[in-house]
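Beneath this line is the structure, given in structure tokens, with notes to follow.
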Amino acid sequence: MDISNGQKALATRADLKRLGIIVSNSTLLRWEARGRFPRRVRLAGTSVAWLLNELEQWLAERAVERDTWHYADAS
């Protein structure tokens, strides 16, 4: 999602939780290292955030994956 003046919107760790992405920081780091989650943007010191449009795209990809992936036999 772009802000009206063309800047990218950022999402904090609290925003991740509001989006339903509730995993540990270690898991996020592991997913990021493996290319399975959008990479964080370092703001200052230990402050980080994620680009909101990348998170929205990642969530949309999970929804498509859900439609094609079968976790258990339906019988």
Side-chain angles (χ1 to χ4, degrees):
M1 168 189 285
D2 290 333
I3 299 175
S4 61
N5 65 3
Q7 293 179 344
K8 299 289 184 182
L10 296 175
T12 64
R13 185 79 162 105
D15 294 324
L16 293 184
K17 290 181 181 180
R18 280 193 284 278
L19 289 169
I21 304 168
I22 305 171
V23 295
S24 70
N25 193 53
S26 298
T27 297
L28 286 175
L29 287 168
R30 189 170 45 254
W31 287 357
E32 289 175 41
R34 294 179 182 165
R36 295 181 54 201
F37 193 76
R39 293 186 57 179
R40 62 189 69 202
V41 176
R42 184 160 311 279
L43 302 175
T46 59
S47 297
V48 298
W50 292 262
L51 296 176
L52 186 56
N53 65 328
E54 290 181 1
L55 292 174
E56 290 170 339
Q57 179 181 352
W58 182 81
L59 288 168
E61 290 168 0
R62 301 294 71 76
V64 170
E65 183 180 274
R66 174 189 61 187
D67 294 338
T68 60
W69 183 265
H70 300 284
Y71 292 97
D73 188 7
S75 57

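At least one donor-acceptor pair under 3.5 Å links the side chain of W58 to the backbone N or O of R36.
Rounding to the nearest 0.5 Å gives a distance of 14.0 Å between CZ of R66 and CD of E61.
R42 approaches V48 most closely through the heavy-atom pair NH1-CG1, 3.8 Å. Heavy atoms only, all atoms of each residue included: P38 and E32 are closest at O-CG, 3.4 Å.
Using a 4.5 Å heavy-atom threshold, the side chains of D15 and L55 count as separate. Counting heavy atoms from C-beta on, the side chains of L59 and I21 come closer than 4.5 Å.
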Hey, mind stepping through L52 and L19 against side-chain contact (heavy atoms from CB on, under 4.5 Å) and telling me if it holds?
-> CA-CA 10 Å; L52 186 56; L19 289 169; 4.3 Å; yes

* Asked: Run the side-chain contact (heavy atoms from CB on, under 4.5 Å) check on R40 and N25 step by step: do they pass?
  -> CA-CA 11 Å; R40 62 189 69 202; N25 193 53; 3.3 Å; yes

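Between F37 and W50, the two ring planes are perpendicular [angle over 60°; tilted spans 30° to 60°].
Enclosure of atom CZ in R39 is not indicated, since only 12 or fewer non-hydrogen atoms of other residues, nucleotides or ligands lie within 6.0 angstrom.
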